[in-house]
Enquirer: 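I'd like to ask you about the structure that follows.
Each chain gets a letter, A, B and so on, in the order its sequence line appears, and its residues count up from 1. From a predicted model like this one, the values you see are computed outputs, not experimental measurements.
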There are 2 protein chains.
Amino acid sequence: MPKIVNHDQRRRELAAAVWQVIARDGVEGISIRSVAAASGWSSGALRHYFSTRADLLAFACEQVIDQVTERIQGLRHTGDPVKTVRAILLETMPVDETRRTESSIAFAFLALGLGDPELARVQRRHFTGMYELCLRLVQDLAERDALAQTGQDAETLARRMHAVVDGLTVHALAGHLTAEEMVTQLDAYLADLTGVERTE
Amino acid sequence: MPKIVNHDQRRRELAAAVWQVIARDGVEGISIRSVAAASGWSSGALRHYFSTRADLLAFACEQVIDQVTERIQGLRHTGDPVKTVRAILLETMPVDETRRTESSIAFAFLALGLGDPELARVQRRHFTGMYELCLRLVQDLAERDALAQTGQDAETLARRMHAVVDGLTVHALAGHLTAEEMVTQLDAYLADLTGVERTE
DNA sequence: TCGTTTTTTACACGGTCGTGCGAGAATCAG
DNA sequence: CTGATTCTCGCACGACCGTGTAAAAAACGA
């Protein structure tokens, strides 16, 4: 019997190297050689786990999505439903260096997906998942009578929550908002959503 | 006296070729040669108007921003302030094929800016301009008593408007929302912002 | 027509790209 | 140890990259 390595684990390790390169050099810095160097393996070794560059990118894209999803699902709900929503949403936003890197990677893939239908397909799943998360959060708030009355249905409020979160994320990534301003805006949005009077 | 060409005009023409390549092949397709081919000139001719690839990209990025800005400033205000706001915001969103291309170009540059400080600096201006536009719109609505009472100040509402617009734009570009859904969401947001009761 | 200056082309250079491939290193049952 | 199998490396290939440059083409005053 020959040497056997865990293919799934190695593929995840190589995906992490892709993220590292994106975080350091941006989308333009991704190449088989740069990823190989970042991972510590030779470029030839990469080919044993990904037959093409496109495969590598698709996997790395899927992985960053799964990673966020898993982390959110691991969060435990506290007593205050609004605080729970806040915590969950902040988990997907660039509040610290780690999450900022993660967000910029996800966003870099998004731009790549504009010119690559395969990547776009992968990302569609991600957006659907995020929307469904927002919908569940809104419905949960509604069941607890924690929503302001605006006459909008849950689907509309969920799509808007999703848009606010991603919009603020983009603005923070672009340096248009600081992390603090982003969080402040999220809190103001949640205050309006839940009908909390502002403590002037 | 020799042949003289309008440098500014030629540079804008070449920037348009950059957009064309981005729209067709995405960020990964941009190269001196591909842009040259798209413009109909030789790659050597490009160098008479842009000394480096980075210069070309920075100019093309700045141009797409200026183009949107100019188009917005050209809009005339109608009687209904809410309809005016709606029209202005839609002017920046991917409602049709032309504007969709424009938006995807802008976001492709945004991703490029994550790994290129010079491009990021250019884009900061763009975001500031868009925010200031939103602020003016919100203040105009406030002066006409067309805002719902939520206790939020104009700056907060402007940042949120900006986030909603860009968030919906990203979702539409990614194919997560259709253009129609995007417009519907914008209208729902404006209804809540202005306190209009929903005609169930 | 000629001369001057700008514009444009065509090509060369070194480098990096994705990918293919063959040789050897590593691993472990027998 | 032997052999079978997996893993890893390093290099080669053709293509494309950004950039530089020399020469041709174009335009127009003189």
Side-chain angles (χ1 to χ4, degrees), chain A residues 1-22 24-61 108-109 111-113 115-119, chain B residues 1-22 24-61 108-109 111-113 115-119:
Chain A
M1 278 280 281
K3 172 178 175 183
I4 300 250
V5 319
N6 184 331
H7 271 237
D8 258 12
Q9 182 177 325
R10 175 64 56 85
R11 281 161 70 92
R12 281 195 293 272
E13 179 186 336
L14 296 174
V18 174
W19 305 340
Q20 191 179 325
V21 171
I22 293 180
R24 179 166 33 91
D25 305 325
V27 271
E28 302 252 295
I30 311 175
S31 74
I32 299 287
R33 286 171 172 85
S34 66
V35 171
S39 73
W41 299 101
S42 72
S43 58
L46 272 190
R47 258 183 72 72
H48 263 254
Y49 303 95
F50 298 100
S51 57
T52 68
R53 182 189 120 110
D55 281 351
L56 171 62
L57 257 52
F59 183 82
C61 181
F109 273 119
L112 250 37
D116 182 338
E118 170 62 17
L119 279 183
Chain B
M1 277 281 282
K3 170 180 175 183
I4 301 252
V5 318
N6 184 330
H7 271 238
D8 258 13
Q9 183 177 324
R10 175 64 56 83
R11 283 162 68 93
R12 281 196 293 272
E13 179 186 335
L14 296 173
V18 174
W19 307 339
Q20 191 178 325
V21 171
I22 293 180
R24 179 167 32 93
D25 305 324
V27 271
E28 302 253 296
I30 312 175
S31 74
I32 299 286
R33 284 170 173 85
S34 67
V35 171
S39 72
W41 300 100
S42 71
S43 58
L46 274 189
R47 258 183 74 72
H48 264 255
Y49 304 95
F50 298 100
S51 58
T52 68
R53 181 189 122 110
D55 280 351
L56 171 62
L57 258 53
F59 184 81
C61 181
F109 273 119
L112 250 37
D116 182 337
E118 169 62 14
L119 278 184

Enquirer: If you compare every side-chain N and O of A/H7 against the phosphate oxygens of D/dC7 (OP1, OP2), does one of them come in below 4.0 Å?
Expert: yes

Enquirer: Kindly compute the distance separating CG (A/L57) from OG1 (A/T52), expressed to the nearest 0.5 Å.
Expert: 9.0 Å

Enquirer: Write down the distance between CG (B/L46) and P (D/dT21), rounded to a whole number of angstrom.
Expert: 18 Å

Enquirer: Atom CG of B/D55 and atom CG of B/L46: how far apart are they, to the nearest 0.5 Å?
Expert: 12.0 Å

Enquirer: With rounding to the nearest 0.5 angstrom, report the OH to CD distance, B/Y49 to B/Q9.
Expert: 10.5 Å

Enquirer: Got a sec, which residues hit side chain to side chain contact (heavy atoms under 4.5 Å, CB included) with B/V27, two or more places apart in sequence or on another chain?
Expert: A/L112, B/A108, B/L112

Enquirer: Please report, rounded to the nearest Å, how far the C1' atom of D/dA27 is from the CG atom of B/N6.
Expert: 16 Å

Enquirer: What integer distance in Å separates B/W41:CH2 from C/dT7:P?
Expert: 11 Å

Enquirer: Given atom CD of B/Q9 and atom C1' of C/dT7, what is their separation to the nearest angstrom?
Expert: 15 Å

Enquirer: Could you state the atom-to-atom distance from OH of B/Y49 to C1' of D/dT19 in whole Å?
Expert: 18 Å

Enquirer: CD1 of B/I4 versus C1' of D/dA26: gap in Å, rounded?
Expert: 12 Å

Enquirer: Would you list the pairs meeting side-chain hydrogen bond (donor to acceptor under 3.5 Å, both in side chains) in which at least one residue belongs to residues 38-47 of chain B, sequence neighbours left out?
Expert: B/E13-B/W41

Enquirer: May I ask you to say what A/F50 touches in the nucleic acid, namely base, sugar-phosphate or nothing, with a heavy-atom cut-off under 4.0 Å?
Expert: nothing

Enquirer: Given 3.5 Å as the limit, does a donor-acceptor pair link the side chain of A/R24 with the main chain of A/G29, or not?
Expert: no

Enquirer: Taking protein heavy atoms under 4.0 Å as touching, what does nucleotides 13-19 of chain C look like 5' to 3' if B marks base contact, S marks sugar-phosphate-only contact and - marks none?
Expert: ----BBB

